[in-house]
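Okay, structure first, notes after.
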Number of protein chains: 2
Amino acid sequence: MPRPSDPLARTKLLAAAEAEFVEHGLDGSKVEQIAKRAGMSKGAFYLHFAGKAQLFRELVEGFVARLAALTDASLHRYEAHDACSAEELIDRWVSEDVAVFEFIWQNRGLIRRLLEGGSGARFRYLVDEFLERFSSKSRHVLQQGVLRGIFREDLDFDLAASFIAGAYDRLARDIVRQSTRPDLRPLLEDVQRLVLFGLASAQLRESASPRPSGAEPAPPSGVRAPRPLPDDPVSVLASQLRSPLQGRSRGLR
Amino acid sequence: MPRPSDPLARTKLLAAAEAEFVEHGLDGSKVEQIAKRAGMSKGAFYLHFAGKAQLFRELVEGFVARLAALTDASLHRYEAHDACSAEELIDRWVSEDVAVFEFIWQNRGLIRRLLEGGSGARFRYLVDEFLERFSSKSRHVLQQGVLRGIFREDLDFDLAASFIAGAYDRLARDIVRQSTRPDLRPLLEDVQRLVLFGLASAQLRESASPRPSGAEPAPPSGVRAPRPLPDDPVSVLASQLRSPLQGRSRGLR
DNA sequence: GGGGTTGGTGACCCGCGGGTCACTTATCCG
DNA sequence: CGGATAAGTGACCCGCGGGTCACCAACCCC
C-alpha cells in the first residue's frame with residue numbers, strides 16, 4: 001500500500017463540512033470549498049466520501065446521536081432526583097438543564113442550521129426522531145412526577161409533554177441565535193418556574209374552575225367548534241409523526 | 001395600448017408562486033414551473049416581475065402583513081376583555097386564539113415554509129420582525145394584566161413575553177404540520193390553562209419558595225424592567241432583535 | 001383590412017456547482 | 001534506485017435553472 005492516505009482526511013473533511021454548513025447552510029456549502037478548507041482538493045474529497053449527501057448525512061446523524069445520548073441521560077437523571085425539598089428538586093433539575101443547554105450553546109451553529117431545516121429540510125426526519133424521543137421521555141418523567149405528587153394529577157400527558165418539549169425547543173431556538181453567551185443558570189431557573197407555576201396570579205387561579213388541563217366530563221349539550229372546515233384542501237407532504245395534537249388522550253371537551 | 005395585458009397575470013403568478021413555494025420551498029420553486037402553473041410562459045413572467053426574488057418578496061411581505069394585522073387586532077382585544085369572571089376571561093381569550101390559529105391552519109403550507117426559514121433564511125428578517133412585534137404586544141398585555149391582578153406581580157416581563165410568544169410559536173409549528181384539522185378550541189383552552197397555571201401540583205407549589213419567576217418582590221427602590229416599552233421604536237431590520245435572553249430585566253438568579 | 005404597438009413565446013445563453021478522470025506525486029518494496 | 005501502486009490534483013464535463021431576446025400574435029385605431 002504505497003502512499004498511505006491521510007488518516008485524518010475524513011475527520012478534517014467532516015470538520016470543514018461542519019464549519020461550512022454553519023456558515024452557509026446545506027445548499028450553500030460547496031464541495032470545492034469544503035475540500036479547500038480541509039486542505040485538500042475536490043478530487044480527494046471523493047476519495048473519502050461518495051458525495052456531498054453522504055458527508056452531510058454522516059455529519060448530522062453523528063451529531064444528533066450525541067445530542068440524544070446527552071438528553072437521554074439528563075432526563076433519566078431528572079427522574080432519579082427524589083426525596084428532597086421542592087427548592088432542592090428545582091435546583092437539581094435546573095442543573096440538568098444547564099448541562100444540556102451548555103452543550104447546545106457550544107454547538108449552537110450546527111443546531112441553528114438543523115432547526116431551520118433549510119434547503120428542503122433533508123434532515124427533518126432526524127430532528128423529528130429526536131424530538132419524538134425527547135417528548136416520549138418527557139411523558140415518562142411527567143407520569144412519574146404525578147405519581148410522586150410533583151405534578152398535578154389532571155395533566156393531559158401528551159399535551160404536557162409537548163408543552164415541555166416546546167419550552168426546550170423554544171429556548172434552544174433562542175439561545176442558539178444569541179451572539180454572546182447568556183447566563184444559563186438564572187435563565188433556566190426562571191423558565192423552570194414559569195413552566196411549573198404558570199403566569200397567573202393566585203387570585204386568578206383561585207377564581208378559575210378546578211379543571212386546569214384537559215378533561216371535564218364533556219358538556220352534554222352544545223357542540224362547540226361546529227366543524228368549520230369539513231376537511232381541508234392540500235395537506236400534501238404528510239410527515240404524520242405522532243403529534244400531541246392528534247389523538248390527544250383527553251376527548252374534545 | 002393595443003393588446004392589453006392580462007389584468008390577472010400578477011395575481012395568477014403570485015398564487016402559482018405560493019403553491020410552488022408550499023410544495024417545493026424557495027430554491028425548489030422554478031420560475032418556469034411557476035409560469036406554467038399560472039398558465040403562461042417564462043417570458044411572460046418577466047413582464048410582470050423583475051425576477052424570482054422580487055416575486056417572493058412581494059408574496060411573503062404581503063402575507064406577513066396580513067398575519068400581523070390579524071394578531072395585532074387579536075392582542076388588542078385580549079386587553080379589552082375585562083370585568084368578567086376568570087372562566088369567562090379565559091373563554092374569551094381562547095376565542096381570540098381560535099381565530100388566529102384558524103388563519104394559521106388555513107395558511108399552514110406557507111407558514112410552515114416561512115418558519116423553516118429554509119434556503120438561507122432569506123425571509124428571516126420578516127419573520128423576526130413579526131415575532132418581535134408580537135412579543136412586544138404580549139409584553140404590553142402582560143403589564144396590563146398585572147395591573148389588573150390577572151398575572152402574578154413578580155413576572156419578568158421580557159422572559160414571560162418570550163414564554164408566551166414561544167408557546168404560540170410552538171403551537172403554530174405543530175399545527176402547521178398536521179395532516180388533518182385539529183380541534184382547535186379544546187386544544188387552545190388546554191394550552192391556555194397550562195400557560196396560566198403551570199404543571200406543578202398544589203403541593204409542590206406551596207412547598208416551593210415564594211419566588212416563582214424572576215426575583216424577590218422587587219426592592220422598592222429599583223426600577224423594574226428598565227424601560228420595557230414606553231413606546232417601542234420601529235426596530236427596522238431585525239438583525240439585533242431584542243431578545244429576552246439578552247439584557248434580561250432582572251439580574252442573575 | 002392594414003399598420004403600429006404592446007403582450008407573449010420559448011429557444012437560447014451562461015454561470016454555477018456536483019461529479020469525473022487522465023495525469024502527477026508520494027510512498028513502499030525489492 | 002526504479003518500478004509498482006495507490007493517494008491526490010484540478011481541468012473538464014454536464015445538467016440545471018435564472019434570465020434574455022428575436023420573433024410571433026393579439027389588439028386598437030384609422
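Naming convention: chains lettered A, B, ... in sequence-line order (proteins, then strands); numbering from 1 in each chain. All heavy atoms count here, side chains included; hydrogens, waters and symmetry mates do not.
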Nearest-angstrom distance from the residue atom [atom1] of [X] to [atom2] of [N]:
| X | N | atom1 | atom2 | result |
| --- | --- | --- | --- | --- |
| B:Leu47 | D:dC21 | CG | P | 13 Å |
| A:Lys36 | D:dT9 | NZ | C1' | 15 Å |
| B:Phe49 | C:dG8 | CZ | P | 13 Å |
| B:Met40 | C:dT6 | CE | P | 20 Å |
| A:Asp6 | D:dA6 | CG | P | 18 Å |
| B:Glu20 | D:dG17 | CD | C1' | 14 Å |
| B:Leu26 | D:dG17 | CG | P | 13 Å |
| A:Gln33 | D:dG10 | CD | P | 14 Å |

So which heavy atom on A:Leu114 is nearest to which on A:Val127, and how close?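 Reported closest heavy-atom pair: O-CG2, 4.0 Å.
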For A:Ala172 and A:Phe101, work out which heavy atoms get closest and say how close.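 Distance-wise, the nearest heavy atoms are N-CE2, 3.7 Å.
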So which nucleotide from D:dG8, C:dT9, C:dG18 ends up closest to the side chain of A:Ser5?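 So the nucleotide nearest the side chain must be D:dG8.
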With a 4.0 Å cut-off, would you call B:Asp190 and B:Arg185 a salt bridge?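 Salt bridge between B:Asp190 and B:Arg185, a charged N being under 4.0 Å from a carboxylate O: no.
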Check this for me: does any side-chain nitrogen of one of B:Arg133 and B:Asp72 sit under 4.0 Å from a carboxylate oxygen of the other?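 Answer for the salt bridge query: yes.
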Within 6.0 Å of NZ in B:Lys36, more than 12 heavy atoms from elsewhere: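 At most 12 heavy atoms, drawn from other residues, nucleotides or ligands, come within 6.0 Å of this atom.
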How about B:Phe103 and B:Phe63: are their ring centres within less than 6.0 Å of each other?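 They qualify: ring centres under 6.0 Å apart.
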Reference residue B:Trp93; test side-chain contact (heavy atoms from CB on, under 4.5 Å); the match among B:Glu189, B:Arg77, B:Gln192: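 Result: among B:Glu189, B:Arg77, B:Gln192, B:Gln192 is the only option passing the side-chain contact (heavy atoms from CB on, under 4.5 Å) with B:Trp93.
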Is there side-chain contact between B:Ile34 and B:Lys42, with at least one heavy-atom pair below 4.5 Å?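 No, every pair of side-chain atoms sits at 4.5 Å or beyond.
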How would you list all residue pairs meeting salt bridge (charged side-chain N to carboxylate O under 4.0 Å, His left out) that involve residues 46-65 of chain B, not counting sequence neighbours?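 Counting only pairs at least two positions apart or across chains, the salt bridge (charged side-chain N to carboxylate O under 4.0 Å, His left out) contacts touching residues 46-65 of chain B are B:Arg10-B:Glu58.
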Pairs: protein N or O with nucleotides 19-25 of chain C N or O, under 3.5 Å:
| from | atom 1 | to | atom 2 | distance (Å) |
| --- | --- | --- | --- | --- |
| C:dG19 | OP2 | A:Tyr46 | OH | 3.1 |
| C:dG19 | OP2 | A:Lys52 | N | 3.2 |
| C:dG19 | N7 | A:Lys42 | NZ | 3.0 |
| C:dG19 | O6 | A:Lys42 | NZ | 2.5 |
| C:dT25 | O2 | A:Arg3 | NH1 | 2.8 |

Going by number, which of residues 9-18 of chain B have a non-hydrogen atom under 4.0 Å from DNA chain C?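 By residue number: none to list.
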Phosphate oxygens OP1/OP2 of C:dG7: is one of them under 4.0 Å from a side-chain N or O of B:His48?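 For C:dG7, neither OP1 nor OP2 has a side-chain N or O of B:His48 closer than 4.0 Å.
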